[in-house]
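The structure appears right after this line, and notes come after that.
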Amino acid sequence: MRILVILRQVYEQKSIHWDYENNDFKNRKATINQADLNALQWASDYSKEHNASIDVYILADGECNETLKEKLARFPLNTCTHIPKSGNEQADAHYLASSIEQGMYDLVVCGDETEDEHNSCLLPLLGYSLGMDVLTSVHQIEAKGAQHLLAHRKEERGATQIFDIQFPVALSFTTQISKLRYSRHFQYEIEITKRERVDQIPRSHRRLGSPEPNIIFGKVPEEENPLERLMNVMGFSNNSDTGLSQQTNALSEEHLHFTAERLMKWLKE
């Protein structure tokens with residue numbers, strides 16, 4: 001069994017300061033995404049119990065420093081490859097998919113999202129490109145035989161979904177998946193190989209001669225109540241003069257209130 005763990009370079013939030021003279025960030029300290037390290041810890045524990053090999057891909061801008069090598073030396077890695085990242089998750093996923101042979105890995109894992117920009121699309125894009133089933137935001141895993149896993153994922157209002165998944169599969173983990181174990185004595189020798197990156201220009205899926213999208217601008221909402229104004233923006237206003245309220249007759253007040261509450265909660269998060 002082979003496992004691929006993807007580590008992404010991020011910037012520590014406490015180290016970033018704004019330079020008002022140059023209008024740019026300064027004192028940015030690079031580190032590895034915390035959730036990715038938790039995914040690596042889980043993969044390490046799983047590999048010891050199920051005799052699996054681990055390959056690591058590091059998506060980073062600059063060179064891998066000694067601090068990172070010390071962290072990786074705690075894990076039994078088969079190979080470790082440094083790939084320059086592009087700053088675009090779609091381009092990174094396309095490049096990784098073109099570099100990985102189909103069926104090469106039984107399990108691809110990484111953190112659920114990055115700490116700095118909260119990116120979370122890399123693993124789903126990569127998993128779908130490799131023809132794998134994809135599951136995100138997993139916080140607990142239970143082994144079920146040699147080819148099955150029980151994956152736990154939290155949902156709204158404290159509910160938990162449990163998925164019976166079969167290899168090959170791509171999973172993204174939250175930081176709750178494992179606890180990092182720090183050791184003063186490093187047991188493994190790590191050699192990070194840097195791969196030169198040559199991106200291919202992706203072809204557009206837009207048909208030649210296809211019509212331009214028809215964009216309709218609605219009126220600025222004037223309701224004093226924020227809830228009513230929010231429903232107006234969403235196209236659920238009860239105002240007959242609103243041009244975006246075509247679906248109002250098919251929805252009840254309960255539907256409108258529930259949809260508005262969900263959106264307001266999402267905006268707060």
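- Atom CG of L59 sits about 8.0 Å away from atom CZ of R8, to the nearest 0.5 Å.
- With respect to K85 and D92, no salt bridge is recorded, no charged nitrogen being found less than 4.0 Å from a carboxylate O.
- Residue K194 comes nearest to P84 through the heavy atom pair CE-CG, 4.1 Å, listed as atom of the first residue, atom of the second, then distance.
- The hydrophobic cluster containing L150 does not contain V109, counting ILVMFWY residues as joined when their side-chain heavy atoms lie under 4.5 angstrom apart, directly or transitively.
- Separation of atoms OG (S137) and CD (Q161) is listed at 10.5 Å; rounding is to 0.5 Å.
- For the pair Y95 and R195, the minimum side-chain heavy-atom distance is below 4.5 Å.
- Taking the side chain as every heavy atom from C-beta outward, E49 and D45 never approach each other to under 4.5 Å.
- Distance alone, capped at 3.5 Å, is enough to place a donor-acceptor pair between the N33 side chain and the E113 backbone.
- The shortest non-hydrogen separation linking P124 to T136 is CG-CG2, 3.9 Å.
- Inter-residue side-chain proximity for L123 and V134 is flagged as met; some heavy-atom pair is nearer than 4.5 Å.
- A donor-acceptor contact shorter than 3.5 Å is absent between the side chain of T193 and the backbone of T81.
- Under a cut-off of 6.0 angstrom, the local environment of CG in D164 is crowded, with over 12 non-hydrogen atoms contributed by other residues, nucleotides or ligands.
- Counting only heavy atoms from C-beta outward, the side chains of L96 and I83 approach each other to under 4.5 Å.
- With contacts defined as side-chain heavy-atom distances shorter than 4.5 Å, the pair D61/Y11 qualifies.
- Between the side chains of N88 and Q90, no donor-acceptor pair is found at a separation under 3.5 Å.
- Each of I100, L7, V5 was scored for a side chain to side chain contact (heavy atoms under 4.5 Å, CB included) with Y57, with one residue passing: I100.
- For the residue pair D112 / S172, a side-chain donor-acceptor distance below 3.5 Å is found, with atom types taken as modelled.
- In terms of heavy atoms, C64 sits closest to I192 at CB-CD1, 3.9 Å.
- Note that CG of L40 is 11.0 Å distant from CZ of F173, once rounded to the nearest 0.5 Å.
- Between I6 and C110, the shortest heavy-atom distance links the atoms O-CB, 3.4 Å.
- Judged by distance alone, the side chain of D133 and the main-chain N or O of Q166 form no donor-acceptor pair under 3.5 Å.
- Taking both residues in full, the closest heavy atoms of Q140 and E142 are given as NE2-OE2, 3.5 Å, listed atom of the first, atom of the second, then distance.
- Atoms CZ and OG1, on R153 and T160 in that order, are 11.0 Å from each other to the nearest 0.5 Å.
- No side-chain donor from either of E63 and H82 sits under 3.5 Å from a side-chain acceptor of the other.
- Here the OH atom belonging to Y105 is positioned 4.5 Å from the CZ atom belonging to R2, to the nearest 0.5 angstrom.
- Side-chain N or O atoms of D36 include one that pairs as donor or acceptor with a backbone N or O of G111 at under 3.5 Å.
- Atom OG of residue S44 and atom CZ of residue R74 lie 11.5 Å apart, to the nearest 0.5 angstrom.
- A donor-acceptor pair is defined here as one N or O able to donate and one able to accept, closer than 3.5 Å; such a pair exists between the side chain of T114 and the backbone of H118.
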Begin with the C-alpha distance, continue with both residues' side-chain angles, and end with the deciding distance and a verdict on side chain to side chain contact (heavy atoms under 4.5 Å, CB included) for N78 and I54. CA-CA 5 Å; N78 185 33; I54 302 177; 5.7 Å; no

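- Cluster annotation: L125 and M132 are assigned to distinct hydrophobic clusters (Ile/Leu/Val/Met/Phe/Trp/Tyr, side-chain heavy-atom contacts under 4.5 Å, transitive).
- Hydrophobic clustering of Ile, Leu, Val, Met, Phe, Trp and Tyr side chains at less than 4.5 Å, counting indirect connections, keeps V56 apart from V10.
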Worked check of side chain to side chain contact (heavy atoms under 4.5 Å, CB included) between L107 and V169: CA-CA 5 Å; L107 184 60; V169 65; 3.4 Å; yes

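- At most 12 non-hydrogen atoms from other residues, nucleotides or ligands lie less than 6.0 angstrom from NZ of K179.
- The two atoms that bring T175 and N38 nearest to each other are O-ND2, 3.5 Å, heavy atoms only.
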